[in-house]
Amino acid sequence: ILTKGLKDVMCYYMIGINAVSLPSETSRLTKSLVGMLKSKFNKIIVNLDNDRQGIESTDKIVAEFGFDSFYVDDDCKDFSDYVKMNKLEKAKNMIYGRKIKACI
């Protein structure tokens with residue numbers, strides 16, 4: 001999972017999913033970084049914040065690199081907010097219930 005914040009990375013780690021955070025949502029991915037990530041992971045999925053900037057940045061990354069993407073449920077801004085609001089088990093079920101199982 002390509003996400004924005006260290007809190008999100010830690011929450012993904014707690015449910016057994018590898019995640020990498022960008023310095024910010026406006027950070028530009030380089031082809032060399034994407035190449036390195038592709039060499040380590042079979043699938044890369046973008047999960048930036050569910051706000052205007054996060055959506056714009058997600059659209060750019062998806063258009064440039066062809067990655068899949070998703071946003072968290074329940075009007076939460078990011079995955080760590082979802083975990084905080086819904087507890088870890090519900091967050092785990094939300095993620096594992098998506099059609100991204102191939103990368104988990």
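What's counted below: heavy atoms across the whole structure, side chains too, no hydrogens, waters or symmetry copies. Remember, it's a predicted structure, so these values are computed and weren't measured experimentally.
At a threshold of 4.0 Å, the pair Asp78-Lys4 does not count as salt-bridged, since none of the basic side-chain nitrogens sits closer than that to a carboxylate oxygen. Salt bridge present: Arg52 and Glu56 bring a charged side-chain N and a carboxylate O closer than 4.0 Å.
In this structure the side chain of Phe79 never reaches within 4.5 angstrom of the side chain of Met10, judged on heavy atoms.
Side chain of Tyr71 to main chain of Cys76: no donor-acceptor pair is present (N/O by atom type, distance under 3.5 Å, no hydrogens or angles). Distance alone, capped at 3.5 Å, places no donor-acceptor pair between the Thr3 side chain and the Val9 backbone. Put simply, the side chain of Gln53 never gets that close to the backbone of Glu25: no donor and acceptor are under 3.5 Å apart.
Between the CG atom in Leu2 and the CG atom in Asp68 there is a gap of 12.5 Å [rounded to 0.5 Å]. Remark: Ile1 CD1 to Phe67 CZ distance equals 11.5 Å, nearest 0.5 Å. Taking CZ of Phe65 as the reference point, atom CG of Leu33 lies at 8.0 Å (rounded to 0.5 Å). The distance from the SG atom of Cys11 to the CD1 atom of Ile17 is 11.0 Å, given to the nearest 0.5 Å. To the nearest 0.5 Å, the span separating CG on Leu88 from OH on Tyr82 amounts to 11.0 Å. Rounding to the nearest 0.5 angstrom, the gap separating the NZ atom in Lys77 from the CE atom in Met85 is 14.0 Å.
The shortest non-hydrogen separation linking Ile45 to Ser69 is CG2-CA, 4.0 Å. Between Asp8 and Ser80, the shortest heavy-atom contact is OD1-N, 2.8 Å. Tyr96 approaches Ile15 most closely through the heavy-atom pair OH-O, 2.8 Å. Shown here for Ser57 and Leu48, the closest heavy-atom pair between the two residues is CB-CD1, 3.7 Å.
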Walk me through it: do Ile61 and Leu22 pass the test side chain to side chain contact (heavy atoms under 4.5 Å, CB included)? CA-CA 12 Å; Ile61 292 169; Leu22 299 172; 4.2 Å; yes
If you apply the rule side chain to side chain contact (heavy atoms under 4.5 Å, CB included), what do you find for Tyr13 with Asn18, and how did you get there? CA-CA 6 Å; Tyr13 178 80; Asn18 291 314; 5.8 Å; no
Go through it in stages, so that I can follow the logic: the residues are Leu29 and Glu64, the test is side chain to side chain contact (heavy atoms under 4.5 Å, CB included), and I'd like the CA-CA distance, side-chain angles, deciding distance and then a yes or no. CA-CA 10 Å; Leu29 289 177; Glu64 185 171 355; over 6 Å; no
Under the side chain to side chain contact (heavy atoms under 4.5 Å, CB included) rule, what do Leu37 and Val20 come out as? Steps first, then yes or no, please. CA-CA 9 Å; Leu37 291 172; Val20 177; 4.2 Å; yes
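Between the side chains of Asn47 and Tyr12, at least one donor-acceptor pair of N or O atoms lies under 3.5 Å.
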